[in-house]
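In what follows, a single structure is set out as structure tokens and then discussed.
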Amino acid sequence: MIRLATKYDKTEIIKMMREFQNEANGLLKFDNEPYWHKLLDTIIAGAGAIFYEEGKGLLMSTIAPSVFCDKTLILHELAWYVRPEHRGGSIAYRLLDAYTKFGNKLKDEGRIALFTVTKLKGQPKVNYERFGYLLNSETWGH
């Protein structure tokens with residue numbers, strides 16, 4: 001069952017994020033656990049949301065000002081991860097659905113202007129249009 005993560009989930013979330021980083025070919029090192037505790041505390045306190053299915057997967061998001069205006073807030077998906085043994089079912093879609101409903105609620109309340117989701121290279125094909133998303137950019141890393 002997907003739910004919002006709490007402070008009691010932080011240890012498992014950090015473990016999942018290490019797994020996610022390892023699967024992402026180690027582009028960035030995961031060596032600052034105190035930062036992760038601070039980040040998760042901030043998100044859990046209301047600067048975003050972490051949708052979590054215990055032991056199986058998560059979708060982590062944060063709210064930040066637009067690069068164009070500090071009064072225009074945007075919800076950004078930071079990480080979307082399902083453990084390999086739980087892939088191929090509905091967890092990834094249910095996580096995205098929970099995030100999308102949350103983003104729509106925040107938009108309807110006027111708390112954010114928009115929300116985003118990122119597709120990583122090698123990620124299975126997801127029908128983002130089914131959830132109302134439009135392709136508007138690509139991100140490249142070096």
Side-chain angles (χ1 to χ4, degrees), residues 1-28 30 32-142:
M1 179 169 137
I2 293 172
R3 61 176 172 79
L4 287 172
T6 70
K7 65 182 180 178
Y8 302 106
D9 300 313
K10 290 190 328 182
T11 300
E12 186 65 23
I13 289 169
I14 290 170
K15 190 174 176 183
M16 275 191 194
M17 291 305 298
R18 286 184 189 279
E19 294 168 18
F20 180 50
Q21 187 269 334
N22 287 335
E23 282 188 45
N25 299 321
L27 291 176
L28 299 172
F30 194 114
N32 191 344
E33 195 163 319
Y35 164 76
W36 271 90
H37 283 279
K38 195 163 124 179
L39 173 65
L40 295 176
D41 287 341
T42 301
I43 292 171
I44 290 167
I50 303 168
F51 298 95
Y52 181 64
E53 181 143 348
E54 195 163 340
K56 297 179 180 181
L58 60 80
L59 193 151
M60 183 184 316
S61 64
T62 188
I63 298 170
S66 162
V67 68
F68 301 108
C69 176
D70 65 347
K71 292 174 179 49
T72 302
L73 299 178
I74 300 171
L75 177 68
H76 297 278
E77 171 260 327
L78 297 177
W80 181 17
Y81 179 71
V82 175
R83 286 189 161 137
E85 63 270 22
H86 299 289
R87 293 177 190 161
S90 66
I91 294 171
Y93 274 99
R94 288 186 291 119
L95 287 165
L96 182 61
D97 186 53
Y99 170 75
T100 302
K101 287 176 180 169
F102 178 68
N104 281 324
K105 179 179 182 286
L106 294 181
K107 276 180 68 176
D108 291 345
E109 294 170 352
R111 293 180 54 200
I112 63 170
L114 64 106
F115 55 100
T116 65
V117 66
T118 303
K119 181 185 184 309
L120 295 178
K121 179 181 176 188
Q123 179 182 1
K125 182 166 175 39
V126 175
N127 182 357
Y128 292 102
E129 292 84 4
R130 170 181 169 192
F131 292 90
Y133 291 91
L134 302 172
L135 178 63
N136 65 1
S137 65
E138 289 186 22
T139 302
W140 296 73
H142 191 292

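Only this structure's heavy atoms are used, side chains among them; waters, hydrogens and symmetry mates stay out. These numbers were taken from a predicted model, which means no experiment stands behind them.
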- Task: Begin with the C-alpha distance, continue with both residues' side-chain angles, and end with the deciding distance and a verdict on side-chain contact (heavy atoms from CB on, under 4.5 Å) for L58 and F20.
- Result: CA-CA 10 Å; L58 60 80; F20 180 50; over 6 Å; no

- Taken in chain and number order and not counting sequence neighbours, the residues that satisfy side chain to side chain donor-acceptor pair (under 3.5 Å) with R83 are E12, E19

- Query: By side chain to side chain donor-acceptor pair (under 3.5 Å), which residues pair with E85, not counting sequence neighbours?
  - Reply: none

- Query: So how far is it from M60 CE to L40 CG, rounded to the nearest 0.5 Å?
  - Reply: 5.5 Å

- Would you please classify the geometry between the F115 ring and the Y99 ring as parallel, tilted or perpendicular, with 30° and 60° separating the classes? perpendicular

- Distance col, row K56:NZ vs E54:CD, nearest 0.5 angstrom, shows 10.0 Å

- Taking E53 for its side chain and M1 for its backbone only, find out whether a donor-acceptor pair lies under 3.5 Å. yes

- Taking atom CG of L59 and atom CH2 of W80, what is their separation to the nearest 0.5 Å? 7.0 Å

- Message: Give me the atom names and distance for the closest heavy-atom approach of G48 to L75.
- Response: CA-CD1, 4.5 Å

- NZ of K10 to CE of M17: how many Å apart, nearest 0.5 Å? 14.5 Å

- Applying side-chain contact (heavy atoms from CB on, under 4.5 Å), name anything that partners A5, two or more places apart in sequence or on another chain. D9, I13, I50, Y52

- Applying side chain to side chain donor-acceptor pair (under 3.5 Å) to K15 and not counting sequence neighbours gives none

- Task: Decide side-chain hydrogen bond (donor to acceptor under 3.5 Å, both in side chains) for H76 and T62; before the verdict, give the C-alpha distance in whole Å, the side-chain angles of both, and the deciding distance to 0.1 Å.
- Result: CA-CA 5 Å; H76 297 278; T62 188; over 6 Å; no

- Item | Qualifying residues under salt bridge (Lys or Arg N to Asp or Glu O under 4.0 Å), relative to R111, sequence neighbours excluded | E109

- Could you grab the distance from atom CG of L73 to atom CD1 of I112, nearest 0.5 Å is fine? 8.5 Å

- Query: Between E23 and P84, which heavy-atom pair has the shortest distance, and what is it?
  - Reply: OE2-CG, 3.4 Å

- Item | Atom pair CD1/CZ of I91 and F51 - distance to nearest 0.5 Å | 15.5 Å

- Task: Would you name the heavy atoms of G46 and I63 that are closest together and state the gap between them?
- Result: O-CD1, 4.3 Å

- Item | By side chain to side chain donor-acceptor pair (under 3.5 Å) - contacts of K101 (at least two apart) | D97

